[in-house]
Asker: 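One structure coming up, written as structure tokens, with questions to follow.
Just so you know, ligand 1 is whichever comes first in the structure, and atom 1 is the first atom listed for that ligand.
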Amino acid sequence: MIEEFFRLKDGRVVHIRESRVEDAESLHAFYKAVTTETEFLITEPDEVLGVAEERALIKIYQNLFNRLYLVALYGSKIVATLKIAGARRKRMSHTGELSIAVRKDFWGQGLGRRMMELGLDWAEGILKRVELNVVDNNERAIKLYENLGFKLEGIKKRAVRLSDGFHDIYIMAKLF
Ligand SMILES: CC(C)(COP(=O)(O)OP(=O)(O)OC[C@H]1O[C@@H](n2cnc3c(N)ncnc32)[C@H](O)[C@@H]1OP(=O)(O)O)[C@@H](O)C(=O)NCCC(=O)NCCS
């Protein structure tokens, strides 16, 4: 079980732990909020999972050996998530897709890095490959991934359309 209290650069303390079924409502509220704060998540607020779907997803993560779903709480509010979704097919079950989101008020405080470190430590014992997609101008995220050993593997040209126009998506991966 992954669980820790982590002190941010500004002194606030967040509680990082694995997600629980009873987090579904807070997670729904988190995704609604965070998708209004950034376009880098691609998902628009009206596209986030409903509470029942979120609850089902948490259960799937709990039941699969190659999946991890971390949440960070500030008080009772979820302020960050990190998912590593191991593939379901046996021949690819050593690979996982990583996604991370942090509420804007908590950016630049070391929380994203800490969540990534915890996720990658977990992955190291279970997976051989973790991959992710990131929009070409998401400098903060790209820097973080590079610093943690992710390498650029390919570029999906014009893969996403944001409010300022089309962007490429970088495929990055870390091998263990
Ligand atoms: C990208 C994201 C996860 C990073 O989390 P964070 O908590 O803000 O990041 P951290 O404070 O741990 O800093 C991470 C890196 O950002 C960089 N960084 C920090 N502050 C920065 C700033 N003000 N400007 C630019 N880069 C900065 C640093 O290089 C740092 O890397 P390091 O720890 O290796 O030095 C977070 O900003 C976020 O959720 N953004 C919106 C959603 C998103 O982009 N998700 C990822 C989609 S692929």
Asker: If you count the atoms of ligand 1 from 1 in the order shown, which ones are under 4.0 Å from a heavy atom of A101?
Answerer: 39 (O)
Asker: Check ligand 1 against L41 and write out every atom of the ligand that is under 4.0 Å from a heavy-atom position of the residue.
Answerer: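 Near L41, the atoms of ligand 1 are 42 (C), 45 (N).
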Asker: Pairs of nitrogen or oxygen atoms closer than 3.5 Å, one from R114 and one from ligand 1: do any exist?
Answerer: no
Asker: Applying a 4.0 Å heavy-atom criterion (strictly less than), which segment of T38 is in contact with ligand 1: side chain, backbone, both, or neither?
Answerer: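 T38 to ligand 1: side-chain contact only, backbone stays beyond 4.0 Å.
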Asker: Run H15 and E3 through side-chain hydrogen bond (donor to acceptor under 3.5 Å, both in side chains) and show every step you take.
Answerer: CA-CA 7 Å; H15 179 191; E3 179 156 31; 2.4 Å; yes
Asker: Looking only at N/O atoms, are F40 and ligand 1 under 3.5 Å apart anywhere?
Answerer: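 The answer is no, given that F40 and ligand 1 share no N or O pair closer than 3.5 Å.
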Asker: Hey, which atoms in ligand 1 end up nearer than 4.0 Å to a heavy atom of N133?
Answerer: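 Listed by number with element, the hits are 48 (S).
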Asker: Measure from the side-chain N and O atoms of N133 to the backbone N and O of I171, and report whether any donor-acceptor pair falls under 3.5 Å.
Answerer: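 Side chain of N133 to backbone of I171: no pair is present.
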Asker: So, does E124 use its side chain to make a donor-acceptor pair with the main chain of D121 at under 3.5 Å?
Answerer: no
Asker: Determine whether any protein heavy atom is located less than 4.0 Å from atom 30 (C) of ligand 1.
Answerer: no
Asker: For L111 and ligand 1, answer yes if some heavy atom of the residue is under 4.0 Å from a ligand atom, otherwise no.
Answerer: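 It does, in that a heavy atom of L111 comes within the 4.0 Å cut-off of ligand 1.
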Asker: Around atom CZ of R7, are there more than 12 heavy atoms from other residues, nucleotides or ligands closer than 6.0 Å?
Answerer: no
Asker: Treating Ile, Leu, Val, Met, Phe, Trp and Tyr as nodes and any side-chain heavy-atom pair under 4.5 angstrom as an edge, say whether L41 and L82 lie in one connected cluster.
Answerer: no
Asker: Give the atoms of ligand 1, by number and element, whose distance to some non-hydrogen atom of G110 is under 4.0 Å.
Answerer: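 Those qualifying, in numeric order: 10 (P), 11 (O), 12 (O).
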Asker: Examine the proximity of ligand 1 to V34 and report which part, side chain or backbone, both or neither, has a heavy atom under 4.0 Å away.
Answerer: neither
Asker: Decide yes or no on salt bridge (charged side-chain N to carboxylate O under 4.0 Å, His left out) for D105 and R12, but give the supporting numbers first.
Answerer: CA-CA 11 Å; D105 186 37; R12 287 178 291 178; 3.2 Å; yes
Asker: Please identify which atoms of ligand 1 are closer than 4.0 Å to at least one heavy atom of N147.
Answerer: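 Those atoms are 31 (O), 32 (P), 34 (O), 35 (O).
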Asker: Looking at atom 41 (C) of ligand 1, what's its closest protein heavy atom, distance included?
Answerer: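 Answer for atom 41 (C) of ligand 1: W107 CZ2, 3.3 Å.
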Asker: Could you tell me whether the side chain of E146 and the main chain of K143 form a donor-acceptor pair under 3.5 Å?
Answerer: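 No: the side chain of E146 does not pair with the backbone of K143.
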Asker: Do protein heavy atoms approach atom 38 (C) of ligand 1 to less than 4.0 Å?
Answerer: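 Yes; the ligand atom in question has protein heavy-atom contact below 4.0 Å.
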Asker: Same cluster or not: are W107 and I142 linked, directly or through other Ile, Leu, Val, Met, Phe, Trp or Tyr residues, by side-chain heavy atoms under 4.5 angstrom apart?
Answerer: yes
Asker: For ligand 1, note which part of K143 has a heavy atom under 4.0 Å away: side chain, backbone, both or neither.
Answerer: side chain
Asker: Does K9, backbone or side chain, put an N or O under 3.5 Å from an N or O of ligand 1?
Answerer: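 Checking ligand 1 against K9, no N or O pair falls under 3.5 Å apart.
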Asker: To which of M115, R103, R140 does the heavy atom nearest atom 24 (N) of ligand 1 belong?
Answerer: R140
Asker: Any side-chain heavy atom of E97 within less than 4.5 Å of one from R67?
Answerer: no
Asker: For atom 13 (O) of ligand 1, state whether the nearest protein heavy atom is under 4.0 Å away.
Answerer: no
Asker: Ring pair (Phe, Tyr, Trp, His ring centres under 6.0 Å) with Y74: which of F30, F106, F5?
Answerer: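 Output: one option passes, namely F106.
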Asker: In terms of atom number and element, which parts of ligand 1 are under 4.0 angstrom from non-hydrogen atoms of L144?
Answerer: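 Those qualifying, in numeric order: 14 (C), 15 (C).
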Asker: Could you find the nearest protein heavy atom to atom 8 (O) of ligand 1 and give me its residue, atom name and distance?
Answerer: G108 N, 2.9 Å
Asker: Quick test: of every protein heavy atom, which one is nearest to atom 48 (S) of ligand 1, and how far off is it to 0.1 Å?
Answerer: Y145 OH, 3.2 Å
Asker: Identify whether L118 and L144 are in the same connected component of the hydrophobic contact network (ILVMFWY, side-chain heavy atoms under 4.5 Å).
Answerer: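 L118 and L144: one cluster.
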Asker: Please indicate whether K151 has more than 12 foreign heavy atoms, meaning atoms of other residues, nucleotides or ligands, lying under 6.0 Å from its NZ.
Answerer: no
Asker: Evaluate D23 against R17 for salt bridge (charged side-chain N to carboxylate O under 4.0 Å, His left out), listing each step before the verdict.
Answerer: CA-CA 11 Å; D23 293 328; R17 61 162 172 75; 2.9 Å; yes
Asker: Using a 4.0 Å cutoff against the non-hydrogen atoms of A141, which atoms of ligand 1 qualify?
Answerer: 1 (C)
Asker: Looking only at protein heavy atoms, which one is nearest to atom 33 (O) of ligand 1, and how far off is it?
Answerer: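 In this structure, atom 33 (O) of ligand 1 has R113 NE, 2.8 Å as its nearest protein heavy atom.
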Asker: Once you restrict to heavy atoms under 4.0 Å, what part of Y170 touches ligand 1? Side chain, backbone, both or neither.
Answerer: neither
Asker: Hey, does the Lys NZ or Arg CZ of K128 hover above the aromatic six-ring of F176, less than 6.0 Å from the centre and inside 45° of the axis?
Answerer: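 K128 over F176 ring: no.
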Asker: For G112 and ligand 1, does the shortest N/O to N/O distance drop below 3.5 Å?
Answerer: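 For ligand 1, there is an N or O atom that lies under 3.5 Å from one belonging to G112.
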Asker: Just going by heavy-atom distances, which of V135, L148, I100 is nearest to atom 3 (C) of ligand 1?
Answerer: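 Shortest heavy-atom distance from atom 3 (C) of ligand 1: I100.
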